[in-house]
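It should be emphasised that the depicted structure is a prediction, and the values quoted were computed from it without experimental measurement. Atoms within each ligand, like the ligands themselves, are counted from 1 in listed order.
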Amino acid sequence: MNIQQNKDLTDFNTFRVKVTADYFVEVTTEEELEDALDFSFTKNIPYQILGGGSNILFVKDFQGVIIHINNKGILWGEHADDERIKVNVAAGEDWHNFVILCLSKNLYGLENLALIPGTVGGAPIQNIGAYGVEVKDLIESVRVFDVLEKTWLKLLSQECAFNYRSSLFRGSNRYVVFSVLFELGRKWEPKLSHKELSDKFRCKKIEPLDVFEEVCRIRTAKLPDPTVDGNAGSFFKNPFVPVSELNRLSSEFPEIPFYNTNDPNTVKIPAAWLLDNLGWKGKNLGSAVVSSNHALVIVNQGNASGEQIYDLAREMSLSVFDKYGITLAPEVKIIDS
Ligand code: EPU
């Protein structure tokens, strides 16, 4: 096990915040993961699992060990039949590359999730979703190390407590995701419920590649490229509010948009609209800037510190609470110890 000390994490978080970790270990095998965790227990220091670093904000230097999951490998075709195929993917594989590989092998289901930054391991953790698809619907099971019981487990999708941008793995360090078993389709079933896709493709004969390319086009137009301007996508989740609350808000803000949810008594309101309506686009705190294209995205336009990004986000959520009485929860995982 190669333990690096005082490691600069700038290249390991897509906000490109310049912080250090006391210790840093790159893990490519199950044994290495167990050794890295043992190191943290023996030294009695905290550990933080890191994949692509695309959904994390380090508010300050990390006084513990960063365990960077970098295992590789894709096993195609476990338990294949005419309709579906299972694909086992190491957590350290790049998400977007995996989506492209699936398309090249005529395996479908993930095309709406193109261009999401991060690794395959991050996908179940926050149940990534975009353009009418959530990854939970394509996952059969997740292989994890249970840190508490010190044992390897295969958790079926139903056991992962998947929900909007959340799962059993979010918010607790107990389970470390090491590989994901996907179940993909051999026959394409287009998912065009999202308005931007249905508007574009209504009554047209289309191929999976058309959807993939359109999703890439929309994302590129709307969201800043993290390889150019440091960011972590949506900073906040879209809030769920009771219909009674929506009625109250609609009387004051008649143009407020909302989406129905599985629960008839609850709707989801776009946080971006709430922030945009408060004039947040383009506002800044030092080099931490609210994107002028999308009010839900905070961009590091230079050398913003984690604290600046965090303080800007706090001001944004406070202003939303003051004006609408709605609490915004961060989508990004905040590490401040
Ligand atoms: N809007 C504004 N101002 C803006 C941007 C959006 O008013 O600056 C309003 C518009 O009414 C728009 C609505 O907000 O119709 C929704 O905006 P958008 O379609 O961009 O989607 P979103 O709800 O902001 C969510 C996900 C994205 C995902 C898109 C597409 C969350 C937190 N974010 O964003 O995921 O790509 O839908 O499905 O659920 C991410 O998680 O990092 C992410 C980018």
> Given Ser292, Ala130, Ser291, which one has a non-hydrogen atom that is nearest to atom 28 (C) of ligand 1?
Replying inline: Ala130

> When you measure from atom 4 (C) of ligand 1 to every protein heavy atom, which one gives the shortest distance, and what is it?
Replying inline: Asp276 OD2, 3.5 Å

>> At less than 4.0 angstrom from any non-hydrogen atom of Lys222, what atoms of ligand 1 do you find?
In response: 18 (P), 19 (O), 20 (O)

> Just to confirm, does any protein heavy atom lie below 4.0 Å from atom 37 (O) of ligand 1?
Replying inline: no

> Is any side-chain heavy atom of Val147 less than 4.5 Å from a side-chain heavy atom of Tyr47?
Replying inline: yes

> Is the shortest distance from a heavy atom of Lys195 to ligand 1 less than 4.0 Å?
Replying inline: no

> How close does the nearest protein non-hydrogen atom get to atom 21 (O) of ligand 1, and which residue and atom is it?
Replying inline: His294 NE2, 4.3 Å

> Counting from 1, what ligand 1 atoms have a heavy atom of Phe236 closer than 4.0 Å?
Replying inline: 32 (C)

> Which ligand 1 atoms are under 4.0 Å away from a heavy-atom of Glu196?
Replying inline: 19 (O)

>> Would you say that more than 12 heavy atoms from the other residues, nucleotides or ligands in this model lie under 6.0 Å from the NZ of Lys72, or not?
In response: yes

> Heavy atoms only: which of Ser234, Gly233, Pro239 is nearest to atom 40 (C) of ligand 1?
Replying inline: Ser234

>> Could you tell me if Thr151 and Asp146 have a donor-acceptor pair between their side chains, going purely by distance under 3.5 Å?
In response: no

> So, does Gln126 sit close enough to ligand 1 that a heavy atom of it is under 4.0 Å from the ligand?
Replying inline: no

>> In this structure, is the centre-to-centre distance between the rings of Phe15 and Phe58 below 6.0 Å?
In response: no

> Does the cation-pi check pass for Lys136 over Phe162, that is, NZ or CZ under 6.0 Å from the six-membered ring centre and within 45° of its axis?
Replying inline: no

> Against heavy atoms of Pro270, which atoms of ligand 1 measure under 4.0 Å?
Replying inline: 13 (C), 14 (O), 16 (C)

>> To check your reading of the model: name the closest protein heavy atom to atom 1 (N) of ligand 1, its residue, and the distance in Å.
In response: Ala272 CB, 3.8 Å

> Counting only heavy atoms on the protein side, is anything nearer than 4.0 Å to atom 43 (C) of ligand 1?
Replying inline: yes

> Counting only heavy atoms on the protein side, is anything nearer than 4.0 Å to atom 10 (C) of ligand 1?
Replying inline: no

> Between Arg16 and Asp11, is the closest basic N to carboxylate O distance under 4.0 Å?
Replying inline: yes

> Just by distance, with hydrogens left out, do Asn293 and Ser291 show a side-chain donor and acceptor under 3.5 Å apart?
Replying inline: no

> Does an N or O from Lys237, backbone or side chain, lie closer than 3.5 Å to an N or O of ligand 1?
Replying inline: no

> Below 4.0 angstrom, N of the basic side chain to O of the carboxylate: do Arg143 and Glu30 qualify?
Replying inline: yes

>> I'd like to know whether Tyr164 forms a ring pair (Phe, Tyr, Trp, His ring centres under 6.0 Å) with Phe240, so could you lay out the CA-CA distance, the side-chain angles of the two residues, the decisive distance to 0.1 Å, and finally the verdict.
In response: CA-CA 10 Å; Tyr164 168 62; Phe240 285 66; 5.4 Å; yes

>> If you take the nearest heavy atom of each of Tyr259, Tyr164, Phe235, Trp273, which one is closest to atom 12 (C) of ligand 1?
In response: Tyr259

> Salt bridge between Arg186 and Glu83, side-chain N to carboxylate O under 4.0 Å?
Replying inline: no

> Short list, please: which atoms of ligand 1 are under 4.0 Å from a heavy atom of Leu296?
Replying inline: 24 (O)

>> Tell me whether the rings of Phe182 and Trp95 are parallel (<30°), tilted (30 to 60°) or perpendicular (>60°).
In response: tilted

> So Trp152 and Phe178, would you call those rings parallel, tilted or perpendicular, with 30° and 60° as cut-offs?
Replying inline: perpendicular

>> Tell me the protein heavy atom at minimum distance from atom 27 (C) of ligand 1, and give that distance in Å.
In response: Arg165 NH2, 3.7 Å

> For atom 22 (P) of ligand 1, what's the nearest protein heavy atom and its distance?
Replying inline: Asn238 ND2, 4.0 Å

